[in-house]
Amino acid sequence: MLPTTNQLPTLGHLHKVVCDCLGLWNSDNEDITFPLTATEKDRRTALREAFKAIKKEDGTYGSLDDLVVITTQLAPRNTQKIKKSRTIQAYVNHLSKTDFESIDEYNELHQYIKAMLTERYSHWGVSQLAVNFYVSALEHYREFVREHVSNAQNQNYSYQYFLSLCLHSLTRHLPSELLSDDTWPTIALNEPWPLRKFADVACEITGITLHKLHQYHEFHQEGTQNEQIWLRDFTSMQVNTRSKQVIDRLRKHNRMKWETFYPTLQPLTYLLPKAITSKAFAIHAFAAMITHNLNVHLIDYGPFEPPVRDHLICEKIEHGHSKPSSDVLDLLFNDSPIVDEAFAKQSSNRYRALLDGIRTLPGSLNLTGYIPNCMEQIYKKEYLRYTEAEWHVALLTPPHWLNEWVRAQNALFAGNTSLALSHFSTAFEHAKYAAGPLFIPFYIQVCAFCKSQYRLLSARKEEELFERFYEGLGKSVTGYAKLLGYTPRFERDSNTLLPRSTLPSKSKLILKEIDSMARTLENLSTHSLRSTS
């Protein structure tokens, strides 16, 4: 069942679901070699050493060019690690219960899983589809969490909505990205047994009955070559029991592994028409497996009746669905180069369609009033209305985190910083996977609050008080914002180790707003102290 009530499941929880849908785990405890990029810790260490190297005897430092030369020499190189597959599985299971601690942890596990998928499925020609689904599913969930502001109700339906509609649509779209001329018949999104449907369609296309396929596998036990078996007379041949059992399992609520079912259907590839390649056959079989395992996971959450979606909305959502639309819009707003212009032009429509769907969910706070999306919160500065006005009074049953945020604001403007800190901390713990776009004004205000306190305490030579009371909250809120993609990532140049934002314009805008609010709060605190004295 869901690990939360009025919050969506964590990214760590969904990560395990995605891995299970891909049939990633097997019983073998294999050694797997992972190519890993240098960690942020290694790069920080090298950067500190570079600063020491350019420091002069008089305490000054050399030029930026000197720093670049030294860091290029000291920059850590990519490495390789050997880990057991069960070790990675245990790590994934652990994170499903505790969630990722940072974006660095998320990115590191990303490298492990993509390497495992590549090694596991390259032989079958479906590794790219596996990696694409893994990456896209998690990115779409991060977008969904960012945009879905939860009310005080159970979020079971909202989670089912994401799995049943968003991930199903993604699974159906991804094969077309890998197949330039895809002629495989489309299977309905609401198909309850996609693997069995795939088997039936494959038999229809090749003109082979399942009975004859089972006979083929009985012939195969005699050692006859694969291509030659279909030339034999199957008239009096018995069926293969194992083959029949595998096909029967395609219509049961059990997770299916690729190595279990695909060898049973693979012989049909020798009889495919010229318009359909064996690669297309394998890719659609793998997509059907993902959908089957996804359906099995959905069964655990009880019945789900999907909302009726407008045909036009469906088209907007599914067009170019592999990359979240808000991520593409961020790139456009930051003047980043876009490879596919047609895809980019559809992003605004797809984003609007996604928001329309989310805002009609019974677990959405938007049902009580319009709440601006993430793009409006940042680029149009809509966040100000939630940090300056008592907008919450219009809500009949606000969620717990929102009440705590309001109490923190009241304490803050009353000059009681210790009480504000307590309420901010409580609000943050309950806002995770629930605040949606409202996390942006919350994040800006918390960061401004911590920054103003740092300035005030530093002026009094009491930095240790900041480290003791305020630094932990600031780090936690910033870490969550990076993990879910509310704020842009900062990457280091692999040679110079100098940081650069993935979205420079957005980064500058957020930092500017935090600094502006911090100065306001600092002046407010200074005025309160003077009034008290």
Side-chain angles (χ1 to χ4, degrees), residues 17-18 20-23 126 129-130 132-133 136-137 140-141 144 157-179 181-210 247-256 258 261-262 265 268 272-273 275-276 280-322 346 350 353-354 356-358 360-361:
V17 172
V18 172
D20 289 342
C21 287
L22 291 167
V126 294
L129 174 60
N132 288 354
F133 177 77
S136 295
H140 275 280
Y141 189 61
F144 187 81
Y157 186 89
S158 297
Y159 179 60
Q160 288 177 299
Y161 173 89
F162 174 78
L163 295 179
S164 182
L165 296 182
C166 298
L167 287 196
H168 272 172
S169 297
L170 176 64
T171 308
R172 187 166 72 169
H173 170 77
L174 286 175
S176 62
E177 289 190 347
L178 299 174
L179 302 170
D181 187 18
D182 189 13
T183 58
W184 192 266
T186 301
I187 298 178
L189 284 176
N190 60 351
E191 170 58 48
W193 307 109
L195 267 181
R196 180 54 191 266
K197 182 66 175 180
F198 174 85
D200 292 339
V201 170
C203 288
E204 181 180 346
I205 289 174
T206 57
I208 299 296
T209 64
L210 287 174
I247 296 298
D248 289 341
R249 287 181 59 190
L250 302 184
R251 198 176 277 170
K252 293 183 179 180
H253 292 131
N254 296 310
R255 282 206 299 267
M256 189 63 67
W258 179 252
F261 84 92
Y262 188 68
L265 297 174
L268 296 176
L272 290 172
I276 301 177
F281 184 92
I283 285 176
H284 280 282
F286 197 86
M289 182 197 74
I290 293 175
T291 308
H292 172 92
N293 290 336
L294 190 59
N295 288 347
V296 171
H297 177 73
L298 272 166
I299 293 296
D300 295 337
Y301 297 97
F304 171 73
E305 186 66 30
V308 178
R309 298 198 299 174
D310 182 82
H311 179 68
L312 181 59
I313 291 180
C314 292
E315 287 185 348
K316 290 177 182 177
I317 291 177
E318 292 166 16
H319 181 81
H321 193 259
S322 63
Q346 289 293 325
R350 290 190 301 108
L354 172 70
D356 289 343
I358 290 177
T360 60
L361 296 176

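Quick note: residue numbers are just sequence positions, from 1.
When all heavy atoms of A285 and L195 are compared, the closest pair comes out as O-CD2, 4.1 Å. The two residues L361 and S158 come nearest to each other via the heavy atoms CD1-OG, 3.8 Å. What you find for E191 and N295 is that their closest heavy atoms are O-ND2, 3.4 Å. Of all the heavy atoms in A202 and T206, the pair that sits closest is O-OG1, 2.8 Å. Of all heavy-atom pairs spanning M289 and L22, the tightest one is CE-O, 3.6 Å. The shortest non-hydrogen separation linking I283 to P175 is CG2-CB, 3.7 Å.
Put simply, the side chain of D20 does not reach to within 4.5 Å of the side chain of N293, judged on heavy atoms. Within the 4.5 Å cutoff, side-chain heavy atoms of W258 are placed close to those of V126. By the 4.5 Å heavy-atom criterion applied to side chains, H140 and L354 are not counted as neighbours.
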Would you please test L167 and L170 for side-chain contact (heavy atoms from CB on, under 4.5 Å) and show each step? CA-CA 5 Å; L167 287 196; L170 176 64; 4.1 Å; yes

Run S322 and E177 through side-chain contact (heavy atoms from CB on, under 4.5 Å) and show every step you take. CA-CA 9 Å; S322 63; E177 289 190 347; 2.6 Å; yes

Could you give me the CA-CA distance, side-chain angles and deciding distance for L250 and F198, then say whether side-chain contact (heavy atoms from CB on, under 4.5 Å) is met? CA-CA 10 Å; L250 302 184; F198 174 85; over 6 Å; no

Step by step, work out the side-chain contact (heavy atoms from CB on, under 4.5 Å) result for I187 and H284. CA-CA 10 Å; I187 298 178; H284 280 282; over 6 Å; no

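The aromatic rings of Y159 and H297 sit perpendicular, their planes meeting at an angle over 60°, well past the 30° parallel limit.
Defined by atom type and a distance below 3.5 Å, a donor-acceptor pair is missing between the side-chain atoms of N190 and H168.
Between the CG atom of L174 and the CZ atom of F286 there is a distance of 11.0 Å, given to the nearest 0.5 Å. Here CG of L179 is found 9.0 Å from CG of L129. Values are rounded to the nearest 0.5 Å. Annotation: the span from S136 atom OG to H173 atom NE2 amounts to 8.5 Å, rounded to 0.5 Å. Here OH of Y262 is found 5.5 Å from CZ of F281. Values are rounded to the nearest 0.5 Å. A distance of 6.5 Å separates CG of L298 from CD of Q160, quoted to the nearest 0.5 Å. Between atom OH of residue Y161 and atom CD1 of residue I358 there is a gap of 6.5 Å, rounded to the nearest 0.5 Å.
The backbone N or O of R251 lies less than 3.5 Å from no partner atom in the side chain of H292, so there is not a single donor-acceptor pair.
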